[in-house]
Each structure stands twice: as structure tokens, then as C-alpha cells.
Undergrad: 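Here it is: the structure, laid out below.
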Amino acid sequence: MTPRRIRLGVNIDHIATLREARYRGGLPGAEPDVAQAARAALRGGADSLTAHLREDRRHIQDEDVRALRGLADARLNLEMSIAPQIVAIACAVRPDQATLVPERRQELTTEGGLDAATALFAGSPLERAIHRLRDSGILVSLFIDPVEIQIIAASALGAVAVELHTGAYAGASGAQSEARLADLRGAAARAQELGLRVFAGHGLRESNVGPLCRLAPIEEFNIGHSLVAAAVFHGLERAVRGMRERIDRETR
Ligand code: PXP
């Protein structure tokens with residue numbers, strides 16, 4: 001039996017966060033370059049690129065989204081709120097996938113899942129956004145907590161997939177970690193029963209991804225922070241050596 005291959009989506013917002021810390025608004029030529037990071041992620045085995053175009057544009061900028069869309073052979077998963085102007089951008093750019101997330105101005109990162117259950121009434125803005133995106137040929141996924149009512153609501157609202165929020169699992173230890181894993185196992189099975197595709201993400205790293213790899217319904221992970229943190233160590237030595245050699249060459 002061939003082992004199943006879980007897709008890896010690499011979230012590159014964190015590259016843009018670093019750039020924005022020095023160059024606000026992503027000036028041309030500003031580093032680190034998001035498209036260059038995307039190409040490195042693809043060379044490393046990423047199946048898709050995930051980028052969150054936030055309403056406050058605190059990291060990814062509109063030009064980044066266009067640059068990522070322009071990369072040949074790269075699947076683009078646009079994380080986004082349902083703000084009408086962001087939905088309009090998504091419908092124009094047409095990413096392969098849109099992951100709808102809640103957005104709060106003060107948060108450091110996406111903190112909780114979408115409240116699909118509360119949005120479940122006829123003509124809700126969430127339902128309208130899902131249908132607009134689907135009508136543009138975009139696969140729509142809802143980022144939700146691994147809670148049954150949210151899964152049922154996601155299905156009823158017309159989502160094609162759910163991304164299960166793994167933050168509580170990633171932040172737990174000991175018996176709590178087992179309990180949160182059980183939540184994810186139950187949620188993944190329920191989503192699959194309802195015909196939803198199942199993705200997962202948030203706070204995942206090499207040391208905690210193993211048990212999730214054994215949850216059969218999960219077909220995609222979206223991972224960002226731990227990869228960029230690891231890249232600092234794997235790449236910093238080479239970057240410093242390059243500078244050392246350059247200085248030495250220029251002073252010879
Ligand atoms: N999936 C979603 C919906 C997210 O909002 C994020 C964080 O931007 C991630 C995955 C990746 O999380 P992390 O950076 O903790 O790996």
C-alpha cells in the first residue's frame with residue numbers, strides 16, 4: 001500500500017512580518033523577499049503557499065499576493081476575513097483556495113476559529129462570502145475550532161473544507177494534549193462524514209505533528225511560525241559565512 005501524502009502548505013506571512021519590521025508597505029526590493037521565500041518553500045517540498053491578506057496589511061501586502069499568484073506551479077491558499085473589499089480582491093486574484101478566518105485588530109495572530117454556528121442564518125455575510133468565492137471557482141475552507149456544532153454549521157453554510165484549529169492541541173501538554181487530540185480526531189471524523197475536506201493548522205511543529213499525521217481524514221497542514229523559526233537557525237550560519245567571506249575577499 002502506498003503511504004498517503006498529506007499536503008504541506010507553508011504560511012509565509014512571517015517573512016513579510018520581518019520585512020515590514022524594517023520597510024513599511026513592502027517597498028520594491030525590500031528584504032526578505034516574499035516570492036523568494038515562496039520559491040525556497042516550494043524547493044523544500046511545500047505543496048502550496050499560504051498567505052493572510054489582513055485588513056490592516058500588517059504583513060502581507062496586495063503586491064505580495066499578486067507575486068505569489070504569478071509563481072508557476074504554486075498553489076495559493078489565501079487566508080482572509082470576509083470584509084467585502086478583501087473578498088473582492090480574492091475574486092479578482094482567484095487563489096486556488098480561500099481560508100476564511102476571523103480577524104481582530106489587536107490579535108498577534110489568528111486566535112480562535114470562525115464562529116460559523118452563529119453565522120448560520122439565511123443571508124448571513126459569511127454565507128454570502130462563501131458563495132461569492134465559490135462562484136469564482138475558489139475552494140472555500142473555514143478555519144474553525146474542532147467542535148461539532150462548528151463543523152455542522154460549516155457544512156450547512158456551503159464550505160467545501162474545514163481547517164481545524166490545532167492551537168489548543170499545540171499549546172497543551174500531558175493529559176490535556178491527549179484530550180485536545182481526541183477533540184481533533186472526533187472533529188475530523190465528523191467533518192469527513194458530512195463530506196467536508198479536512199485540513200489542519202496553527203502552532204504545528206516537527207515535535208507535535210506526528211499524532212495528527214495518523215488522523216486519516218486530514219489531507220493538508222498549514223504551517224508557518226515554526227518553519228520560519230527553524231529557518232533562522234538553518235540559514236543564519238550560511239548568511240553570516242557569506243558576509244564574512246565577502247568582507248575578506250573585498251579586503252584582500
Ligand atoms: N492556519 C491558519 C488559518 C492560520 O491563521 C495560521 C497562522 O497564520 C496558520 C495556519 C499557521 O500557524 P503557525 O504560524 O502557528 O504555524
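Computed from a prediction, not measured in an experiment: that's the story for all the values here. Atoms within a ligand are numbered from 1 in the order they appear, just like the ligands themselves.
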Undergrad: Considering only heavy atoms of Val101, which atoms of ligand 1 have at least one such atom less than 4.0 Å away?
TA: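 Ligand 1 atoms under the 4.0 Å threshold to Val101: 3 (C).
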Undergrad: My understanding is that we take every heavy atom of each candidate and find the minimum distance to atom 9 (C) of ligand 1. Doing that for Asn11, Val228, Ile144, which one comes out nearest?
TA: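 It is Asn11 that holds the nearest heavy atom.
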Undergrad: Quick one: do the Thr50 and Asn222 side chains pair a donor with an acceptor below 3.5 Å?
TA: yes
Undergrad: Stepwise, does the salt bridge (charged side-chain N to carboxylate O under 4.0 Å, His left out) test hold for Asp47 with Arg5?
TA: CA-CA 10 Å; Asp47 298 288; Arg5 188 175 193 283; 2.6 Å; yes
Undergrad: Mark up the atoms of ligand 1 that fall under 4.0 Å of a heavy atom belonging to His225, in ascending order.
TA: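 So the answer, numbered in order with elements, is 13 (P), 14 (O), 16 (O).
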Undergrad: Does His14 come within less than 4.0 angstrom of ligand 1, counting non-hydrogen atoms of the residue?
TA: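 Heavy atoms of His14 do come under 4.0 Å of ligand 1.
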Undergrad: Does a donor on one side chain sit under 3.5 Å from an acceptor on the other, for Glu79 and Asn11?
TA: yes
Undergrad: Is it true that Ser226 lies under 4.0 Å from ligand 1, counting heavy atoms only?
TA: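 Distance cut 4.0 Å: Ser226 fails for ligand 1.
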Undergrad: Go through ligand 1 atom by atom and flag the ones less than 4.0 Å from a non-hydrogen atom of Ile223.
TA: 16 (O)
Undergrad: Evaluate the criterion side-chain contact (heavy atoms from CB on, under 4.5 Å) for residue pair Leu49 and Leu42; output intermediate values, then yes/no.
TA: CA-CA 8 Å; Leu49 305 163; Leu42 292 167; 4.3 Å; yes
Undergrad: Are Glu163 and His202 linked by a side-chain donor-acceptor pair shorter than 3.5 Å?
TA: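 No, no side-chain donor-acceptor contact under 3.5 Å.
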Undergrad: Heavy-atom contacts under 4.0 Å between His165 and ligand 1: side chain, backbone, both, or neither?
TA: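 Neither; no heavy atom under 4.0 Å.
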Undergrad: Could you establish whether Glu79 and ligand 1 come within less than 4.0 Å of each other, counting only heavy atoms on the residue side?
TA: yes
Undergrad: Using a 4.0 Å cutoff against the non-hydrogen atoms of Asn222, which atoms of ligand 1 qualify?
TA: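 Listed by number with element: 10 (C), 11 (C).
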Undergrad: Quick one: side-chain hydrogen bond (donor to acceptor under 3.5 Å, both in side chains) partners of Gln192, sequence neighbours excluded?
TA: none
Undergrad: Cluster partners of Val147, using ILVMFWY side-chain heavy atoms under 4.5 angstrom, listed by chain and number?
TA: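 For the cluster that includes Val147, the remaining residues are Ile149.
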Undergrad: So, regarding Gly203 and ligand 1 (criterion: nitrogen or oxygen to nitrogen or oxygen, under 3.5 Å), is there a contact or not?
TA: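 N/O-N/O distance under 3.5 Å: yes.
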